[in-house]
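First the proteins, then the strands, lettered A, B, ... as listed; each starts at 1.
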Number of protein chains: 2
Amino acid sequence: MEFDFKQQGAVTLAEVAEAAGVGESTVSRVLRNEGSFSRKARERVMEAVERLGYVPNRIAGTLASAGSRLVAFVVPSLSNIVFPDVLRGASGVLEANRHQAVFSVTDYDPQREEALVAAMLAWRPTAVMLAGFEHTEGTLKMLRASGCRVAEVLDVDGTAVDLAVGFSNRAAGRASAEFLLKRGYRRIGYVGHDLERDTRAGKRFAAFCETLASSGSPLIDREVCSGASSVESGRLGLERLLARHADLDAVYFSNDDMAIGGYFHCLARGIAVPSQLAIFGYNGLDIGRVTPQPLSTIRTPRVRTGQLAAELVVTNAPPQVVDLGFELVEGATA
Amino acid sequence: MEFDFKQQGAVTLAEVAEAAGVGESTVSRVLRNEGSFSRKARERVMEAVERLGYVPNRIAGTLASAGSRLVAFVVPSLSNIVFPDVLRGASGVLEANRHQAVFSVTDYDPQREEALVAAMLAWRPTAVMLAGFEHTEGTLKMLRASGCRVAEVLDVDGTAVDLAVGFSNRAAGRASAEFLLKRGYRRIGYVGHDLERDTRAGKRFAAFCETLASSGSPLIDREVCSGASSVESGRLGLERLLARHADLDAVYFSNDDMAIGGYFHCLARGIAVPSQLAIFGYNGLDIGRVTPQPLSTIRTPRVRTGQLAAELVVTNAPPQVVDLGFELVEGATA
DNA sequence: GCCAAAGTTGGTAGCGCTGCCAAAAAAAAT
DNA sequence: ATTTTTTTTGGCAGCGCTACCAACTTTGGC
């Protein structure tokens with residue numbers, strides 16, 4: 001049983017022109033507030049628009065003119081707050097500049113990403129924003145051929161197609177390791193989520209390990225949970241890791257969600273933090289600031305990343321890589 | 001200094017037809033896999049598409065044919081995980097049905113919502129999804145006149161324009177109050193965020209208060225933090241509320257973020273939960289399941305809401321209101 | 001009052017694609 | 001071999017709008 005909701009019946013610009021007793025061009029100019037027209041013409045047009053309930057058709061407008069004013073986001077996930085944060089930052093700037101955000105979710109699958117990028121390009125967006133630099137050859141080829149701006153966000157360790165805005169995940173991993181070492185921790189473990197898929201977490205982890213190794217205190221063990229990061233898997237992951245190595249003195253988590261989970265495990269089991277076990281995260285989520293002990297972590301400018309990427313796109317800035325840096329939050333858990 | 005990245009140079013269907021030595025119609029049919037064409041024609045077309053790197057122009061396609069296969073989301077916020085959850089649910093279904101999601105963020109401002117709905121309608125979307133039923137007259141008028149499907153989500157207490165998918169916030173408020181009363185709490189307070197803007201939280205609160213009042217144990221006091229909900233404001237809010245009423249035995253929070261903040265306050269101050277103070281939230285976030293004591297809350301089917309709303313839209317189901325219900329999670333904090 | 005300059009206005013050719021139709025080719029039936 | 005049926009094909013008119021241009025009206029200077 002289908003309900004017939006036909007899309008038709010939409011008022012067109014020609015009808016408005018007719019009703020206002022002016023030419024189509026005049027209506028178009030008035031509505032876009034471009035070119036010149038008399039006060040009187042404007043009044044008549046506005047009256048007709050109001051009366052008929054005219055809503056311009058941007059599909060037609062875009063086809064006839066230049067840009068779509070559409071910015072396409074192809075993000076790995078919406079569960080990980082990082083991406084809504086970037087979208088939020090970008091969305092404000094885009095709206096202020098009369099652009100529209102379109103998005104789709106790859107679920108961290110490069111093949112899906114490729115398909116979704118293709119689908120997005122069909123809308124002839126002004127720009128495409130993606131997470132990181134790891135894309136399939138096909139994706140890169142399409143992006144380069146598309147002629148639209150490309151912004152790769154949340155990473156700067158790699159080769160950008162066009163614009164890149166973010167921070168160094170490798171530097172973050174290194175900084176985390178250095179911090180833990182400086183504090184005197186030597187028996188360090190890692191709890192993370194699927195590193196194959198989240199390549200930025202993988203970069204942090206790699207740099208973290210290298211730094212530990214070169215200091216002479218290599219990583220003791222790691223527990224990698226399949227699937228997306230979550231508070232729950234952080235808690236379970238830490239439990240499993242500690243079951244194997246009760247004598248760890250610090251654990252680095254792939255991000256704050258996981259770290260908070262680990263922290264909860266400690267609270268629940270009466271493990272003293274940080275004296276018995278130190279906890280270190282990544283992202284600097286708000287929640288980490290108000291846990292009974294503030295979480296030690298690295299705060300990343302996610303919203304700012306979205307904003308800046310959007311600004312570069314709307315101002316049609318030249319290709320560039322912007323490293324927004326990050327801030328190490330000492331907190332009280334490490 | 002501008003960088004010249006012209007959008008032009010895009011390969012058109014006509015060029016593909018030329019290159020493949022067939023007519024435009026044939027290319028179009030092959031690409032949409034519709035109508036009839038020979039195996040040979042298909043091969044030649046595909047070869048040309050591949051060789052030229054042709055990406056169809058959906059702007060033109062949409063203008064020429066019927067639907068845009070675009071679904072517009074106008075959400076209050078992206079910080080509140082509820083909305084990314086709905087988007088996530090919907091996005092999966094939409095992608096599977098070759099639809100595209102477009103969104104914008106109102107920041108809980110009905111005037112902004114109106115402007116954004118207008119902007120969205122300009123893309124002639126298949127459907128518009130909004131949160132709740134509280135919209136300006138202008139918004140409602142445009143939506144009704146648009147001829148596109150409208151889905152109002154996350155609430156069922158109100159009059160739907162077309163489709164509605166969600167759960168009863170009033171019933172949730174009532175159920176929360178009944179639960180606390182059943183457990184014997186009588187000196188109950190409330191900590192919430194801006195109720196003027198988040199009308200669904202307002203409905204929960206109103207029903208909560210009514211239920212308490214009619215049981216003879218009216219709400220003792222409330223602390224309403226301006227701004228969006230967050231773990232931090234939950235923690236601060238509880239602190240302020242307790243400063244006024246140290247003898248409360250339970251606190252109802254406008255949602256889980258706030259409740260977790262309150263819980264952290266208790267942990268930090270050594271307030272025994274629930275013996276000294278009970279805590280009750282709303283939403284059923286994952287994090288609440290793995291806190292040292294599982295959070296008592298109401299779990300809402302947010303992802304499912306997005307999915308179902310998207311399904312109803314893509315199947316062009318008749319107007320209807322679907323109450324997905326909610327689940328009271330007893331937890332251990334109340 | 002006349003002419004140049006400035007300000008307005010409407011007509012029309014596309015933008016790239018799909019839908020329709022008639023023509024052509026291939027297959028089946030006679 | 002011829003006719004009928006089926007399949008395949010290309011041409012072309014829009015979809016609703018904007019860009020461009022030419023025509024028109026008003027204004028101002030002298």
Side-chain angles (χ1 to χ4, degrees), chain A residues 6-45 48-49 52-70 98 119 121-125 146-147, chain B residues 6-45 48-49 52-70 98 119 121-125 146-147:
Chain A
K6 58 266 169 175
Q7 179 82 344
Q8 68 193 35
V11 184
T12 69
L13 183 141
E15 298 178 87
V16 173
E18 166 86 296
V22 301
E24 297 185 28
S25 322
T26 302
V27 177
S28 178
R29 276 183 297 246
V30 169
L31 259 30
R32 284 176 300 133
N33 195 35
E34 204 217 80
S36 67
F37 46 82
S38 63
R39 174 192 240 306
K40 192 166 159 191
R42 212 196 56 151
E43 278 164 11
R44 300 176 65 177
V45 168
V49 164
L52 301 180
Y54 172 69
V55 177
N57 184 334
R58 281 197 65 71
I59 305 271
T62 299
L63 184 60
S65 67
S68 65
R69 294 186 161 276
L70 232 35
R98 308 188 2 257
L121 289 177
W123 286 101
R124 296 296 187 267
S146 72
Chain B
K6 58 267 170 171
Q7 178 83 344
Q8 68 192 36
V11 184
T12 69
L13 181 141
E15 297 177 87
V16 174
E18 167 87 297
V22 300
E24 297 185 29
S25 323
T26 302
V27 177
S28 178
R29 276 182 298 248
V30 168
L31 259 30
R32 285 175 300 135
N33 196 35
E34 204 218 79
S36 69
F37 46 81
S38 63
R39 175 192 238 308
K40 191 166 159 192
R42 212 196 55 153
E43 278 164 11
R44 300 176 65 177
V45 168
V49 164
L52 301 180
Y54 172 68
V55 177
N57 184 334
R58 282 197 64 71
I59 305 269
T62 299
L63 184 60
S65 66
S68 64
R69 294 188 160 276
L70 231 38
R98 307 186 5 255
L121 288 178
W123 286 101
R124 297 295 185 268
S146 72

Exam field: side chain [X] to backbone [Y], donor-acceptor pair closer than 3.5 Å:
X: A:Arg42; Y: A:Val30; value: no
X: A:Arg58; Y: B:Trp123; value: no
X: A:Glu15; Y: A:Thr12; value: yes
X: B:Ser65; Y: B:Gly61; value: yes

Run the side chain to side chain contact (heavy atoms under 4.5 Å, CB included) test on B:Arg124 and A:Val55 for me, step by step, so that the C-alpha distance in whole Å, both residues' side-chain angles and the decisive distance to 0.1 Å come before the verdict. CA-CA 9 Å; B:Arg124 297 295 185 268; A:Val55 177; 3.7 Å; yes
Rounded to the nearest angstrom, tell me the gap between atom [atom1] in [X] and atom [atom2] in [N].
X: B:Arg44; N: D:dT9; atom1: CZ; atom2: C1'; answer: 12 Å
X: A:Leu63; N: C:dT18; atom1: CG; atom2: P; answer: 12 Å
X: A:Arg39; N: D:dT25; atom1: CZ; atom2: P; answer: 22 Å
X: A:Glu18; N: C:dT9; atom1: CD; atom2: P; answer: 17 Å
X: B:Glu15; N: C:dC17; atom1: CD; atom2: C1'; answer: 13 Å
X: A:Arg42; N: C:dT9; atom1: CZ; atom2: P; answer: 12 Å

Contact under 4.0 Å: B:Thr26 side-chain N or O vs D:dG10 OP1/OP2: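 Affirmative; the distance criterion is met.
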Say you draw a straight line from CG of A:Leu63 to CG of B:Leu63; how long is it, rounded to the nearest 0.5 Å?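 That separation rounds to 5.5 Å.
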To the nearest 0.5 Å, what is the distance between OG (B:Ser28) and CZ (B:Phe37)?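 Answer rounded to 0.5 Å: 10.5 Å.
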In the 5'-to-3' direction, what one-character label does each nucleotide of nucleotides 17-22 of chain D receive under the scheme B = base within less than 4.0 Å of a protein heavy atom, S = sugar-phosphate only, - = no such atom? BSB---
So A:Ala17, base contact, sugar-phosphate only, or nothing? Heavy-atom distance under 4.0 Å.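 Contact class for A:Ala17: none.
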Over all atoms of both residues, closest heavy-atom pair of [X] and [Y]:
X: A:Thr26; Y: A:Ala41; result: CG2-CB, 4.0 Å
X: A:Val27; Y: A:Val16; result: CG1-CG1, 3.9 Å
X: B:Ala19; Y: B:Leu52; result: CB-CD1, 3.9 Å
X: B:Ser68; Y: B:Thr62; result: CA-CG2, 3.4 Å

Identify all pairs in which a protein N or O lies below 3.5 Å from an N or O of nucleotides 5-7 of chain D, and state each distance.
none

Using five base pairs at each end to define the local axes, how bent is the helix from C:dG1-D:dC30 to C:dT30-D:dA1, to the nearest 10°?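 The value is 30°.
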